[in-house]
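To keep things clear, I will list the structure first and then write my remarks on it.
The basis for the numbers below is simple: all heavy atoms, side chains too, and nothing from hydrogens, waters or symmetry mates. Note that ligands are numbered from 1 as they come in the structure, with each ligand's atoms numbered from 1 the same way.
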Amino acid sequence: MANVAVVGSQWGDEGKGKLVDWLSERADVVVRFQGGHNAGHTLVIDGKVYKLSLLPSGIVRGGKMSVIGNGVVVDPWALLKEIETLKGQGVTVTPENFKIAENATLILPCHGELDALREDATTGVKIGTTRRGIGPAYEDKVARRAIRVSDLTDEELLKKKIATLLTHHNALRKGLDAEPIDGDQLLQQLLDIAPKILEFSDIVWRRLDEAKRERKLILFEGAQGTMLDNDHGTYPFVTSSNTVAGQAAVGSGMGPSSINYVLGITKAYTTRVGEGPFPTELFDEVGQGLGERGREFGVVTGRKRRCGWFDAVMVRQAVKTGGISGIALTKLDVLDGMDELKVCVGYKLGDEVLDYYPSNMTDQAKVEPVYETLEGWQDSTFGARSWDQLPATAVKYIRRIEELIEAPIALVSTSPEREDTILVKDPFSD
Ligand code: GDP
Ligand code: IMO
Ligand code: MG
């Protein structure tokens, strides 16, 4: 049996939460390895909706171990709020079934504030972030001044670390005309929340190693998507972490050989939230129709998602750069009833046609999609649970995508509901 990493292959919101929940039936452990509460993962089980940002999507099923790995940036206040909301929905979250890596980085109030200050500034590049402090927290981590979960056990150490942190933050804030942060107040805030977080703190790398030796099945849950990856995405319009499957090893404390299959979650069309290039974006009623039928509104910020045609060049690149073994094609039902469908098969840049997405920001904004037109289908695929329930033209669309992106289809999703999922090839038995 194989350990599976689930990652997004586009700009996020591909349906990772739904698929992680579906796959978690057979997994023992579900691990988040990057990102933070910028993620919004939706699960629908018998009509009941669960929205998760920090908690791994395996938490909703009983009897699974849910883990936040060291690669995640954790806002402790947001986490406690999410736990309360889920408990209110009848989900069990206890120190027995939920663990946080003691070496995970904390997101502090000053990170969210800095994120918002930069987004609202009239100079610099506006990214359209979720304003959750993700970027500033990762900056502090890489710059070696972050406060981590285990620091919460040691008041004296916290005092020293806060002093170092504020030397940096208060200088920045001065330049941005913001009030300085009061160190004593921050210390008190952290001491107040410490016991509530520390009850979940654990030596995660060791727990995962134990699980591995006991041959337990581990599912790695990615957030965001390859085109938001800090290296491989549409930089600078990306998030501040690596979102590709390689990060699953680093961000959980397991080696790369622990990941046996990479499942790329792929929407049957394309969406993006926030700023940045989007070659196949539609500004007409076709795009509006996709947004309405697909209910394309952000889980975290409620922002309207931009919609466009399927971009096979971009997904092929995600397959290569992220080592995707197979994909789960989601939201196929949203394409029901369309006369024709376009798929991007190349980019025109000046006189050239490219078979890859260039890395230069100017070129990324300039490329024009080269389309192939495919026949649509009128019958409904909504809620289909087997391959033979799909119209022949829908199968043709799937097969053409498979060919263009150079990766096999492992699953197809046909509604938000957990069970409306078609298994084509089992990722666990690869
Ligand atoms: P994630 O961030 O990748 O977990 O995805 P989100 O939860 O942010 O966004 C995906 C949205 O599409 C959610 O509202 C899901 O309930 C919904 N969804 C997932 N799969 C399907 C599907 O196959 N069909 C339809 N119509 N909706 C889906
Ligand atoms: P899930 O896990 C879609 C986008 C933001 C912005 C950029 C940087 O639900 O797929 P950040 O707050 O991370 O610094 O914002 O990344 N973004 C997402 N878009 N889905 C997500 O997560 C996202 N997380 C961040 O909109 O463009
Ligand atoms: Mg989402």
Enumerated ligand 2 atoms positioned under 4.0 Å from heavy atoms of Ala223: 2 (O)
Contact (N/O only, under 3.5 Å) between Asp13 and ligand 2: yes
Main-chain N/O of Val204 paired with Asp202 side-chain donor or acceptor, under 3.5 Å: no
Heavy-atom nearest neighbour in the protein, as seen from atom 12 (O) of ligand 2, with distance rounded to 0.1 Å: Thr130 OG1, 2.5 Å
Donor + acceptor pair across side chains of Asp229, Asn242 (<3.5 Å): yes
Proximity to ligand 1 by part of Ser415, non-hydrogen separation under 4.0 Å: backbone
Nearest neighbour in protein (non-hydrogen) for atom 15 (O) of ligand 2: Thr129 CA, 3.3 Å
Val238 and ligand 2 - part of the residue with a heavy-atom distance under 4.0 Å: backbone
Gap separating the CZ atom of Arg145 from the CD1 atom of Ile162, nearest 0.5 angstrom: 14.5 Å
Atoms in ligand 1 with a heavy atom of Thr414 nearer than 4.0 Å: 23 (O), 24 (N)
Arg303 near ligand 2 by a heavy-atom separation under 4.0 Å: yes
Sidechain-backbone polar pair: Asn70 side chain, Asn103 backbone, donor-acceptor under 3.5 Å: no
Sidechain N-carboxylate O distance under 4.0 Å for Arg173, Glu113: yes
Asp28/Lys64 ion pair, N-O < 4.0 Å: no
Atoms in ligand 1 with a heavy atom of Gly15 nearer than 4.0 Å: 1 (P), 3 (O), 4 (O), 5 (O)
Near the Mg ion (ligand 3) (cut-off under 2.8 Å), count of protein N, O or S atoms: 2
Which residue and heavy atom of the protein sit nearest atom 23 (C) of ligand 2, plus the separation: Gln224 CG, 3.6 Å
Winner among Asp333, Asp336, Leu19, Ile265 once heavy atoms are compared against atom 26 (N) of ligand 1: Asp333
Salt-bridge criterion met for Arg400 and Glu403 (N-O under 4.0 Å): yes
Protein heavy atom at shortest distance from atom 27 (O) of ligand 2: Val273 O, 3.1 Å
Per-atom contacts, ligand 2 versus Trp11 - under 4.0 Å to a heavy atom: 3 (C), 19 (N)
Over all atoms of both residues, closest heavy-atom pair of Leu329 and Ile409: CB-CD1, 4.3 Å
Residue portion contacting ligand 2 (non-hydrogen atoms closer than 4.0 Å) for Lys16: side chain
Steps toward side chain to side chain donor-acceptor pair (under 3.5 Å) verdict (Thr130, Arg132): CA-CA 5 Å; Thr130 59; Arg132 296 295 189 267; 5.2 Å; no
Heavy atom of the protein closest to atom 13 (O) of ligand 2 (residue, atom name, distance): Thr239 OG1, 2.6 Å
Arg61/Asp21 salt bridge by N-O under 4.0 Å criterion: yes
Atoms in ligand 1 with a heavy atom of Lys16 nearer than 4.0 Å: 1 (P), 2 (O), 3 (O), 4 (O)
Contact (N/O only, under 3.5 Å) between Lys18 and ligand 1: no
Atom indices of ligand 2, in the order listed, that fall short of 4.0 Å to a heavy atom of Ala39: 1 (P), 2 (O), 9 (O), 22 (O)
Residues Asp336, Thr381; criterion side chain to side chain donor-acceptor pair (under 3.5 Å); working and verdict: CA-CA 7 Å; Asp336 290 355; Thr381 64; 2.9 Å; yes
Proximity to ligand 2 by part of Leu228, non-hydrogen separation under 4.0 Å: side chain
Distance (rounded to the nearest 0.5 Å) between Glu406 CD and Ile327 CD1: 12.5 Å
Arg272: which of Thr280, Thr234, Asp13 passes side-chain hydrogen bond (donor to acceptor under 3.5 Å, both in side chains): Thr234
Atoms in ligand 1 with a heavy atom of Gly17 nearer than 4.0 Å: 4 (O)
Within-shell test, Gly40 vs ligand 2, heavy atom, strictly < 4.0 Å: yes
Flag for Glu221-Ser57: side-chain donor and acceptor within less than 3.5 Å: yes
Ser413: numbered ligand 1 atoms lying under 4.0 Å from its heavy atoms: 20 (N), 21 (C), 22 (C), 23 (O)
Proximal atoms of ligand 1 relative to His41 (non-hydrogen, under 4.0 Å): 1 (P), 2 (O), 4 (O), 7 (O)
Protein residue, atom and distance nearest to atom 6 (C) of ligand 2, heavy-atom basis: Gly128 O, 3.1 Å
Ligand 1 versus Val49: contacting region, heavy-atom distance under 4.0 Å: neither
Test of proximity, Ser240 against ligand 2: N or O pairs below 3.5 Å: no
Arg118 and Leu114: CA distance, side-chain angles, deciding distance, side-chain contact (heavy atoms from CB on, under 4.5 Å) verdict: CA-CA 6 Å; Arg118 285 175 179 161; Leu114 184 57; 3.7 Å; yes
Phe237, portion touching ligand 2 at heavy-atom distance under 4.0 Å: neither
Expected output: side-chain His111 to main-chain Leu108 donor-acceptor under 3.5 Å: yes
Options Arg295, Arg305, Glu417, Arg293, ranked by nearest heavy atom to atom 9 (O) of ligand 1, top entry: Arg305
Region of Arg132 engaging ligand 2 - heavy atom pairs below 4.0 Å: neither
N or O contact, Gly294 vs ligand 1, cut-off under 3.5 Å: no
Ring centers of Tyr261, Phe428 separated by less than 6.0 Å: no
Residue portion contacting ligand 1 (non-hydrogen atoms closer than 4.0 Å) for Lys331: both
